[in-house]
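In what follows, every chain begins at residue 1, and chains take the letters A, B, ... in the order their sequences are listed.
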Number of protein chains: 2
Amino acid sequence: MSNATNLLQRETHCKDCSLACMCLPISLHADEMDALDRIVKRGRPLRKGDVLFRQGDEFNSIFALRSGAIKTYGLSDEGDEQITGFHLAGELIGMSGMDTERYTVTAVALETTSVCEIPFDNLDELTAVLPQLRKQLMRLMSRELREDQEMMLLLSRKNADQRIATLLINLSARFRARGYSARAFRLAMSRNEIGNYLGLAVETVSRVFTRFQQHGLITAEGKQIEILDYIQLCALAGGQTE
Amino acid sequence: MSNATNLLQRETHCKDCSLACMCLPISLHADEMDALDRIVKRGRPLRKGDVLFRQGDEFNSIFALRSGAIKTYGLSDEGDEQITGFHLAGELIGMSGMDTERYTVTAVALETTSVCEIPFDNLDELTAVLPQLRKQLMRLMSRELREDQEMMLLLSRKNADQRIATLLINLSARFRARGYSARAFRLAMSRNEIGNYLGLAVETVSRVFTRFQQHGLITAEGKQIEILDYIQLCALAGGQTE
DNA sequence: CGTGGCCTTGAACCTAGTCAAGTCTAGTGG
DNA sequence: CCACTAGACTTGACTAGGTTCAAGGCCACG
């Protein structure tokens, strides 16, 4: 509505978006991308701590992250939060709500974050006429299934060291894919959130970070991480206990 | 090809299938169901131990289970199998292969099992013209995402007792949904497979079963299970340690 | 400069894993 | 039909990795 918003909207069409290559528009033609673009809503950025949607809210849209980072969490039976994922630019969230018509998790910004809102009914109609879009939506859901399976493997098979190593390698690869350094980056989430996500106590996370530093695998100053021994960290993440 | 196969095929159209209400054809009209039916292939039943598809095989079809039970597993980095799910009649499997064009898990029959093969390219074309089918396919994927999230919660938050209780309650509900007894049923999987799936050692699974019996929650004779105290088992599965 | 939140460190405890027998069961062949 | 065997299951004793509890340090922000 304001000039600022208009400016923001004008700046960011799918065809100009550097993330298009990993987002929904993959392999759409220019006119198809326009059609997609027309249904996308781009609001003002979220600030750290802002809620994008709440578990139980009516499911109307899925969201593509344009920048920043989001955590999603559900409430466990005891009422405390269980983080189900950390999401970076180019990723789609909210899809698990499709089944029940309500979001199954809450999504909160970990830092200043801008998102594209994609009303699902419109998207659904569009997928009927754009096979490539349909395919990509399916692909993204399928990929999430695969990632969840890897997470299950991590949770049921890996020890604390391996879990943290896996997370670091995973983040590193995702940063690289987005054009950032794979070697040095800043964690958007707290130790507490890492522990919650990986099924570890905060204390354990902390201890593993110190141990990794003592062994010269990484340096960690607060949230600033540098990977020193990528090879060995990979090996750890991969499974074998060195 | 044989008479037997023809008979089998004739017997089982989607519109006659008792599982249609939880499978893909939900809320399709008769003619739409025919269209779906035309692309479905129904082969001879699998016997216990038969492989439906292998991790790494080219992804061409998804499969709907008509009867029996299937386990899916991936190989962990150390090379041993990690079971990612037990699947019963009416469920769809193979969808996580969509992303990579290869199946990400191996699917093996736990008992005599018949499946409907649904070539994905045909299904995809059909979803362009059948909005209800598209919706249902999305829903099923979305549901699987939600179930995976619950599994992650189980693996990162629940102790051995709660895990086993959750599995039993979950199976019980699924049997009920299929018209079988929710109170007494036969497990298709071994203790080993249960442990593998839930991230527990076989010995732990065994101990929990005995403990549950001592506390009068269930009886277990081999794979035959009877739930004696549904309420308390639910409470356990739900989270609180009684 | 003080406060609160986040992070780190230490010590004790506990759950589930591992190792090692031993039992039960289903399937096989004499 | 029964004896035999391999695999599945159970049970006990010990161990280890991670949680919990408790305390103290660090940093950012008012």
Enquirer: Would you please confirm or rule out a distance under 4.0 Å between OP1 or OP2 of dT11(D) and any side-chain N or O of T210(B)?
Expert: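 Looking at the OP1 and OP2 atoms of dT11(D), one of them is under 4.0 Å from a side-chain N or O of T210(B).
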Enquirer: Under the rule for side-chain hydrogen bond (donor to acceptor under 3.5 Å, both in side chains), what residues qualify as partners of R146(A), not counting sequence neighbours?
Expert: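 Scan of R146(A) (side-chain hydrogen bond (donor to acceptor under 3.5 Å, both in side chains), adjacent residues dropped) gives D99(B).
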Enquirer: Identify each atom pair where a protein N or O and an N or O of nucleotides 21-23 of chain C are less than 3.5 Å apart, giving names and distance.
Expert:
none

Enquirer: Mark yes when over 12 heavy atoms from residues, nucleotides or ligands other than K48(A) sit less than 6.0 Å from its NZ; otherwise mark no.
Expert: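 Result for NZ/K48(A): open.
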Enquirer: Taking atom C1' of dA8(D) as reference, at what distance in whole Å does atom CZ of F209(B) sit?
Expert: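 One finds 13 Å between C1' of dA8(D) and CZ of F209(B), rounded.
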Enquirer: Q224(B) has an atom CD; how far is it from atom P of dA26(C), in whole Å?
Expert: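 My rounded result for the distance is 12 Å.
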Enquirer: Measure from CD on E221(A) to C1' on dT8(C) and round the result to the nearest Å.
Expert: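 After rounding, the reported distance stands at 15 Å.
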Enquirer: Testing D148(B), T72(B), N196(B) one by one against T84(B) for a side-chain hydrogen bond (donor to acceptor under 3.5 Å, both in side chains), which residue passes?
Expert: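 By the side-chain hydrogen bond (donor to acceptor under 3.5 Å, both in side chains) criterion, T84(B) pairs with just one of D148(B), T72(B), N196(B): T72(B).
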Enquirer: Under 4.0 Å, heavy atom to any atom of DNA chain C: which of residues 186-197 of chain A qualify?
Expert: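 By residue number: S190(A), R191(A), N192(A).
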Enquirer: Evaluate the side chain to side chain contact (heavy atoms under 4.5 Å, CB included) criterion for residues I93(B) and I70(B): first the C-alpha distance (whole Å), next the side-chain angles of each, then the deciding distance (0.1 Å), finally the verdict.
Expert: CA-CA 9 Å; I93(B) 63 175; I70(B) 293 259; 3.8 Å; yes
Enquirer: Is it the case that S156(A) and Q82(B) place a side-chain donor and acceptor less than 3.5 Å from each other?
Expert: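 Q82(B) and S156(A) do have a side-chain donor-acceptor pair below 3.5 Å.
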Enquirer: Which whole-number value in Å describes the distance from R157(A) CZ to dA16(C) C1'?
Expert: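 Taking atom C1' of dA16(C) as the reference, CZ of R157(A) is at 15 Å.
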Enquirer: For S142(B) and S96(A), which I'm curious about, is there any donor-acceptor pair between the side chains at under 3.5 Å?
Expert: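 Result is no, nothing qualifies.
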Enquirer: Checking the side chain of R186(B) only, and the main-chain atoms of I225(B) only, is there a donor and an acceptor separated by less than 3.5 Å?
Expert: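 It does not hold such a pair.
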Enquirer: For L198(B) and dA16(C), what is the distance between atoms CG and P respectively, to the nearest whole Å?
Expert: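 It works out to 12 Å between those atoms.
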Enquirer: Considering residues, nucleotides and ligands other than Q214(B), do more than 12 of their heavy atoms fall under 6.0 Å from its CD?
Expert: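 Yes.
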Enquirer: Parallel, tilted or perpendicular: which describes the rings of Y103(B) and F63(B), with under 30° parallel and over 60° perpendicular?
Expert: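 The arrangement is tilted - the two ring planes meet at 30° to 60°.
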Enquirer: Output yes when a side-chain donor or acceptor of S206(A) lies under 3.5 Å from a complementary backbone atom of T204(A), and no otherwise.
Expert: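 The answer is no, because no donor-acceptor pair under 3.5 Å joins these two groups.
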Enquirer: Using five base pairs at each end, measure the axis-to-axis angle across the helix from dC1(C)-dG30(D) to dG30(C)-dC1(D) and round it to 10 degrees.
Expert: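 Inter-axis angle at the ends, rounded: 40°.
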Enquirer: Show me the pairs that pass side chain to side chain donor-acceptor pair (under 3.5 Å) and involve residues 164-181 of chain B, at least two apart or across chains.
Expert: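 Passing the test, one end in residues 164-181 of chain B: E91(B)-R174(B), E91(B)-R178(B), K158(B)-T166(B), N170(B)-R174(B).
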Enquirer: Tell me yes or no: between the side chains of E117(B) and S61(B), is some donor less than 3.5 Å from an acceptor?
Expert: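 Their side chains do contain a donor-acceptor pair, which is all the 3.5 Å distance test asks for.
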Enquirer: So, R102(B) and D57(B), do they make that salt bridge, N to O below 4.0 Å?
Expert: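 Looking at D57(B) together with R102(B), the answer is no, because their closest N to O distance does not fall below 4.0 Å.
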Enquirer: How does each nucleotide of nucleotides 12-30 of chain D score, in 5' to 3' order, for protein heavy atoms under 4.0 Å: base (B), sugar-phosphate only (S), or none (-)?
Expert: BB----SBBB---------
